[in-house]
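Sequential numbering from 1 along the given sequence is applied to the chain's residues.
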Amino acid sequence: RDFEAGGIFGDARALEFLASVFVPAAEFGGSPVAPASSPVYHRFIWRTALRSWKHLVVVNPENILTMHGHGMRPRPGTATLDYFGLTVHHYLYAFGFYWRSYFTAARQTN
């Protein structure tokens, strides 16, 4: 529905002024619960209870000045949009363990 007439992305004229769309992520990690030969989404079932806002940025290259990491700098007069219609599953430990302070018990869920 977001791409239909009346949806967030349904107005082609409004898209002319859109610089970027930010998509949140849910970080997955912790100790693996399945063998390394299993798909990553079977190995890591613990995730942060809160999403990381503005994790992935999708840009209109004509309306940005620079892009860096998880952000960008829009051209003056253009708009950015926080889009909550999807969440990226960000598998932090897919390539090995790395301690992260935000995987404390208070922030975990499964």
Side-chain angles (χ1 to χ4, degrees):
R1 293 182 211 157
D2 290 334
F3 293 91
E4 296 173 1
I8 295 172
F9 305 108
D11 183 355
R13 190 155 183 212
L15 293 179
E16 292 178 29
F17 299 99
L18 188 62
S20 68
V21 175
F22 289 101
V23 178
E27 284 83 13
F28 282 76
S31 299
V33 297
S37 59
S38 300
V40 69
Y41 52 87
H42 287 180
R43 288 185 280 154
F44 304 104
I45 60 169
W46 291 98
R47 75 173 189 96
T48 55
L50 302 172
R51 292 186 288 182
S52 297
W53 308 116
K54 300 186 184 221
H55 177 78
L56 174 70
V57 60
V58 180
V59 301
N60 174 351
E62 295 178 3
N63 287 341
I64 66 166
L65 298 174
T66 62
M67 185 161 180
H68 38 87
H70 296 287
M72 60 86 225
R73 184 173 167 211
R75 285 192 186 283
T78 61
T80 62
L81 174 70
D82 291 331
Y83 180 64
F84 305 108
L86 65 103
T87 299
V88 173
H89 285 189
H90 188 211
Y91 292 93
L92 299 172
Y93 301 139
F95 301 106
F97 178 78
Y98 181 77
W99 185 84
R100 289 170 172 84
S101 62
Y102 46 86
F103 263 106
T104 60
R107 290 198 60 188
Q108 289 181 356
T109 184
N110 66 351

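We find the CZ-OG1 distance between R73 and T78 to be 10.5 Å, quoted to the nearest 0.5 Å. Interatomic distance, NE2 of H90 versus CZ of R51, reported as 15.5 Å (0.5 Å rounding). Remark: T80 OG1 to N60 CG distance equals 12.5 Å, nearest 0.5 Å. Going from atom CG of L18 over to atom CD of E62 covers 12.0 Å, rounded to the nearest 0.5 Å. The CD atom of E16 lies 9.0 Å from the CG atom of N63; values are rounded to the nearest 0.5 Å.
Side-chain contact between M72 and F22 is present, with heavy atoms from C-beta onward closer than 4.5 Å.
Across all their heavy atoms, P76 and L65 have their closest contact at CD-CD1, 4.3 Å. Between S20 and V59, the shortest heavy-atom distance links the atoms CB-CG1, 4.0 Å. Heavy atoms only, all atoms of each residue included: R43 and S38 are closest at NE-O, 3.1 Å.
Residue R75 qualifies as enclosed at atom CZ: its count of foreign heavy atoms under 6.0 Å is above 12.
Taken together through direct or relayed side-chain contacts under 4.5 Å among Ile, Leu, Val, Met, Phe, Trp and Tyr, V57 and L81 form parts of separate hydrophobic clusters. Linking Ile, Leu, Val, Met, Phe, Trp and Tyr whenever their side-chain heavy atoms come within less than 4.5 Å leaves F17 and L15 in two separate clusters. Criterion: ILVMFWY side-chain heavy atoms under 4.5 Å apart, direct or through other members. Under it, Y83 and V88 are part of a common hydrophobic cluster.
Here the side chain of D2 pairs no donor or acceptor atom with the backbone of F9 at under 3.5 angstrom. Put simply, the side chain of D82 never gets that close to the backbone of K54: no donor and acceptor are under 3.5 Å apart.
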